[in-house]
Novice: 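This is the structure I want to talk about, given as structure tokens.
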There are 2 protein chains.
Amino acid sequence: MALLRLELNSNLFLRDPQETDLGRKIIDQSIRMIDELGLEAFTFKKLSKAIDSTEASIYRYFENKHRLLVYLIAWYWNWLEYRIEFETHNVASPTDRLAIALRLVTEHKSNDATFPSVDESALQRIVTNESDKTYLTKQVDSDNKEGLFRGFKTLCKRIADMVEEINPSYAYSHALVSTVLQAAHQQVFFAEHLPSLTEHKVVKGDVHQQNYEFLLELIQKASKA
Amino acid sequence: MALLRLELNSNLFLRDPQETDLGRKIIDQSIRMIDELGLEAFTFKKLSKAIDSTEASIYRYFENKHRLLVYLIAWYWNWLEYRIEFETHNVASPTDRLAIALRLVTEHKSNDATFPSVDESALQRIVTNESDKTYLTKQVDSDNKEGLFRGFKTLCKRIADMVEEINPSYAYSHALVSTVLQAAHQQVFFAEHLPSLTEHKVVKGDVHQQNYEFLLELIQKASKA
DNA sequence: TCCTAAACAATAGTATTACTATCATTAAAT
DNA sequence: ATTTAATGATAGTAATACTATTGTTTAGGA
């Protein structure tokens with residue numbers, strides 16, 4: 001398995017964490033800790049203690065913990081897009097490509113040996129629990145101008161293109177896809193914490209699989225001519 | 001126009017803010033300030049200054065600002081449910097009732113004279129920008145046990161019941177409705193801040209109307225037999 | 001090999017936040 | 001007139017989110 005490195009927008013960090021040992025430790029450990037503590041209780045002080053470094057050192061990589069979160073989420077969407085590109089390559093039928101993309105988006109993630117310093121499984125839980133916080137802020141517009149959300153936007157566009165290929169007359173491909181991408185993690189959260197909001201059941205096997213079936217049907221019916 | 005008061009779960013507050021002058025000022029001013037500053041920059045200290053009171057006094061009404069936010073959002077969903085109940089009363093056709101409910105959920109809110117101390121228009125913006133933060137926390141399960149999210153859950157159930165009445169064989173009425181309720185504010189946020197994620201355009205007239213059309217079509221196609 | 005600069009550690013310090021505690025004052029109910 | 005509930009005034013604390021400074025290690029280039 002080839003070792004790869006995702007090329008991320010340099011505005012996401014002050015110093016590239018993929019380039020140094022300390023940087024990789026920051027990524028690795030922050031994923032663990034945000035998953036465990038939640039974003040609110042997570043601090044650079046606790047992180048620095050855990051990796052036996054200092055607050056000041058971490059601030060050389062990321063302006064603050066919000067930026068670090070944005071970085072992690074951006075990494076996730078870029079990773080997903082790379083995997084979709086890989087798996088849909090040479091698949092001619094847009095219907096098949098859409099199904100593959102949706103499966104990759106919704107499925108439960110296990111760790112990807114291509115990126116050994118990232119716990120994709122924990123990162124998926126972070127996306128479920130925290131990703132909306134990346135843009136639900138007063139600085140969303142300036143963050144967006146810096147290109148911090150490009151990962152999510154290009155992923156949305158790529159899948160919307162498949163929908164448009166299937167039915168060029170459907171007027172809401174982007175709205176539909178962004179709605180579905182949101183639901184891809186929201187419904188899992190609901191199944192786990194607010195179960196009356198969804199039919200998906202954690203006890204009945206894989207919630208991600210149930211969500212895949214729900215969303216595939218939804219996207220197909222909605223975009224049908 | 002009759003003056004009404006929504007009966008909210010008493011776990012939402014320490015002292016009922018609807019009962020006193022100070023309480024109503026807290027609600028009124030916090031809506032203004034959270035809308036303006038965003039939840040992160042909003043503090044009880046600033047609020048107390050603005051209404052010429054003290055931090056300590058506000059803490060007698062709400063445990064903390066998270067609880068205050070949950071209260072405001074709960075008020076909003078309860079208000080919406082009341083309006084849906086009112087407007088769908090005596091409407092026999094479930095298809096019509098669904099359309100009415102969706103219109104009420106999606107439409108741009110102007111101020112409701114029935115509740116003079118609440119700026120519903122500002123509150124709608126708060127729902128758009130902050131409501132997901134009510135449950136995206138580590139305490140979501142204990143908050144849920146206290147019934148803090150009942151407003152949203154009963155609204156979802158009420159609309160899901162309409163969907164089920166239209167097509168009893170559709171297996172995902174709750175999942176569909178919770179997805180649509182989320183999209184009802186998410187798509188507006190996207191149109192305003194991340195416009196590449198949606199076809200809705202702020203410049204082309206009323207985003208809320210565009211969203212209504214998108215979501216009505218979505219919910220109808222998705223739940224069709 | 002020595003030197004230089006970059007990276008990191010160690011430490012200290014600040015303003016703000018999110019509270020809690022205490023006591024005094026006012027207003028409303030009995 | 002008296003009690004009591006609500007509010008105001010004030011103070012204080014621990015934690016957070018940083019910034020600044022200085023010293024130490026280390027790795028690469030001359």
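To find a chain, count down the sequence lines: A is the first, B the second, and so on, and within it residues start at 1. For the numbers below, each heavy atom of this structure counts, side chains included, while hydrogens, waters and symmetry mates do not.
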Novice: Under the salt bridge (charged side-chain N to carboxylate O under 4.0 Å, His left out) test, which residues partner B:Asp143, sequence neighbours left out?
Specialist: B:Arg67
Novice: Taking atom P of D:dT16 as reference, at what distance in whole Å does atom CG of B:Asn64 sit?
Specialist: 15 Å
Novice: List for me each residue that meets side chain to side chain contact (heavy atoms under 4.5 Å, CB included) alongside B:Gln187, sequence neighbours excluded, and say none if there are none.
Specialist: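 Partners of B:Gln187 by the side chain to side chain contact (heavy atoms under 4.5 Å, CB included) criterion, ordered by chain and then number, come out as A:Ala175, A:Ser178, A:Thr179, B:Ala183, B:Phe190, B:Thr198, B:His200, B:Asn211, B:Phe214.
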Novice: Please tabulate, one pair per line, all N/O donor-acceptor pairs under 3.5 Å involving side-chain atoms of residues 147-159 of chain A, not counting sequence neighbours.
Specialist:
residue	atom	partner	partner atom	Å
A:Lys153	NZ	A:Asn144	OD1	2.8
A:Thr154	OG1	A:Glu81	OE1	2.8
A:Thr154	OG1	A:Arg150	O	3.2
A:Thr154	OG1	A:Gly151	O	3.2
A:Lys157	NZ	A:Asp161	OD1	3.4
A:Lys157	NZ	A:Asp161	OD2	3.1
A:Arg158	NE	A:Glu81	OE2	3.0
A:Arg158	NH2	A:Glu81	OE2	3.2

Novice: Can you measure B:Phe13 atom CZ to D:dA6 atom P for me and round it to whole angstrom units?
Specialist: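 Checked: the CZ to P distance equals 13 Å.
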Novice: Can you tell whether the side chains of A:Lys49 and A:Asp52 come within less than 4.0 Å, N to carboxylate O?
Specialist: no
Novice: When every nucleotide of nucleotides 22-30 of chain C is labelled 5' to 3' by its protein contacts under 4.0 Å (heavy atoms), B for base, S for sugar-phosphate only, - for none, what sequence of letters results?
Specialist: ---------
Novice: According to salt bridge (charged side-chain N to carboxylate O under 4.0 Å, His left out), does anything in residues 33-42 of chain B pair up with another residue at least two apart or in another chain? List the pairs.
Specialist: B:Asp35-B:Arg125, B:Glu40-B:Lys133
Novice: Quick one: A:Phe62 CZ to D:dA17 C1', roughly how many Å, whole number?
Specialist: 17 Å
Novice: Figure out the NE2/P separation between B:His66 and C:dC19, and round it to whole Å.
Specialist: 11 Å
Novice: What pairs with B:Arg32 under salt bridge (charged side-chain N to carboxylate O under 4.0 Å, His left out), at least two apart in sequence or on another chain?
Specialist: B:Asp28
Novice: Measure NZ/A:Lys65 against P/D:dA15 and give the value in whole Å, please.
Specialist: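 Atom NZ in A:Lys65 sits about 15 Å away from atom P in D:dA15.
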Novice: Mind listing the residues from residues 25-55 of chain A sitting with a heavy atom below 4.0 Å of DNA chain C? Number order is fine.
Specialist: A:Asp52, A:Ser53, A:Thr54
Novice: Kindly write out the residues that satisfy salt bridge (charged side-chain N to carboxylate O under 4.0 Å, His left out) with B:Glu192, not counting sequence neighbours, or none if the list is empty.
Specialist: none
Novice: Atom OH of A:Tyr59 and atom P of D:dA20: how far apart are they, to the nearest Å?
Specialist: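 Distance, rounded to whole Å: 13 Å.
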Novice: Under 3.5 Å, is there a donor on one side chain and an acceptor on the other for B:His208 and B:Glu107?
Specialist: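 There is no such pair between these side chains.
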Novice: Quick one: B:Arg67 CZ to C:dA18 P, roughly how many Å, whole number?
Specialist: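 From B:Arg67 CZ to C:dA18 P: 16 Å.
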Novice: Can you name the salt bridge (charged side-chain N to carboxylate O under 4.0 Å, His left out) partners of A:Asp206, sequence neighbours left out?
Specialist: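 Salt bridge (charged side-chain N to carboxylate O under 4.0 Å, His left out) list for A:Asp206, sorted by chain: empty.
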Novice: Which of the following nucleotides, C:dC8, D:dT7, C:dA18, is nearest to the side chain of A:Leu22?
Specialist: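 Of the options given, the side chain of A:Leu22 lies nearest C:dC8.
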